[in-house]
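Step one of this worksheet: look at the structure below.
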Amino acid sequence: MTTNTKLLVGLALVLLIGFMFYFSMSGNAVSCEVCIEFRGGMECRKASGKDAEEAQAAAASTACSLLSGGVTDGIACRNTEPKSVSCENR
């Protein structure tokens, strides 16, 4: 391989990694922490999303997965009003 070819391949790799990093970070514009109390337990979890609604849903789902013991409990937990929600734009 010539020096020019190595340089072009290296530059292409750097650009590809840069694009992947940019697009993976630009999709998550809001970060939220949600605290849920369910069946005597309480969990707080953080998640990111393109908007506050998506971030809150993801954080609540994560917290409920730790609090619930099955599908029915998981649904009931996700339908529970959170004790606290705090969001910030990224």
Side-chain angles (χ1 to χ4, degrees):
M1 230 193 277
T2 66
T3 304
N4 286 340
T5 306
K6 288 180 183 178
L7 183 63
L8 287 174
V9 169
L11 182 61
L13 285 173
V14 169
L15 287 174
L16 178 64
I17 291 169
F19 280 123
M20 289 172 55
F21 180 76
Y22 174 76
F23 285 117
S24 68
M25 298 307 262
S26 65
N28 298 327
V30 178
S31 178
C32 293
E33 181 179 50
V34 176
C35 296
I36 294 186
E37 188 174 356
F38 183 72
R39 299 199 192 256
M42 185 158 165
E43 286 291 333
C44 298
R45 289 293 178 255
K46 291 182 180 179
S48 298
K50 65 179 182 201
D51 56 27
E53 184 178 328
E54 183 179 286
Q56 287 176 25
S61 180
T62 304
C64 284
S65 69
L66 298 170
L67 291 169
S68 61
V71 175
T72 305
D73 268 359
I75 293 168
C77 180
R78 284 189 295 277
N79 289 330
T80 302
E81 188 70 28
K83 285 292 182 186
S84 68
V85 176
S86 61
C87 295
E88 61 183 34
N89 291 328
R90 293 177 132 204

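Note that the structure is predicted; figures quoted are calculated from it, not measured. Sequence positions, counted from 1, serve as the residue numbers for this chain.
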Which atom pair, heavy atoms only, marks the closest approach of P82 to V34?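 For P82 and V34, the tightest heavy-atom pair comes out as CB-CG1, 3.7 Å.
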What are the two closest heavy atoms between E54 and G49, and how far apart are they? OE2-CA, 3.3 Å
Sequence neighbours excluded, every pair satisfying side-chain hydrogen bond (donor to acceptor under 3.5 Å, both in side chains) that has a member inside residues 58-72: none
Please list, chain by chain and in numerical order, all residues satisfying salt bridge (charged side-chain N to carboxylate O under 4.0 Å, His left out) with E53, sequence neighbours excluded.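 Applying salt bridge (charged side-chain N to carboxylate O under 4.0 Å, His left out) to E53 gives none.
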If the condition is salt bridge (charged side-chain N to carboxylate O under 4.0 Å, His left out), which residues does E43 pass it with, not counting sequence neighbours?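 If we apply the salt bridge (charged side-chain N to carboxylate O under 4.0 Å, His left out) test to E43, skipping adjacent residues, the hits are R45.
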Should V30 and V85 be regarded as members of a common hydrophobic cluster, given that ILVMFWY residues are connected when their side-chain heavy atoms come within less than 4.5 Å of each other, either directly or indirectly?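 No, V30 and V85 fall in different hydrophobic clusters.
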Applying salt bridge (Lys or Arg N to Asp or Glu O under 4.0 Å) as the test, list every pair that has at least one member in residues 72-82; sequence neighbours left out.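 Every pair satisfying salt bridge (Lys or Arg N to Asp or Glu O under 4.0 Å) with a residue in residues 72-82: R39-D73.
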For residues 55-67, which residue pairs qualify under salt bridge (Lys or Arg N to Asp or Glu O under 4.0 Å), counting only residues two or more places apart or in two chains? none
Between [atom1] of [X] and [atom2] of [Y], what distance do you get to the nearest 0.5 Å?
{"X": "I36", "Y": "M42", "atom1": "CD1", "atom2": "CE", "value": "9.5 Å"}
{"X": "D51", "Y": "N89", "atom1": "CG", "atom2": "CG", "value": "10.5 Å"}
{"X": "L66", "Y": "F38", "atom1": "CG", "atom2": "CZ", "value": "13.0 Å"}
{"X": "Q56", "Y": "S86", "atom1": "CD", "atom2": "OG", "value": "9.5 Å"}

Which residues share a side chain to side chain contact (heavy atoms under 4.5 Å, CB included) with A58, sequence neighbours left out: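 Expected list: A47.
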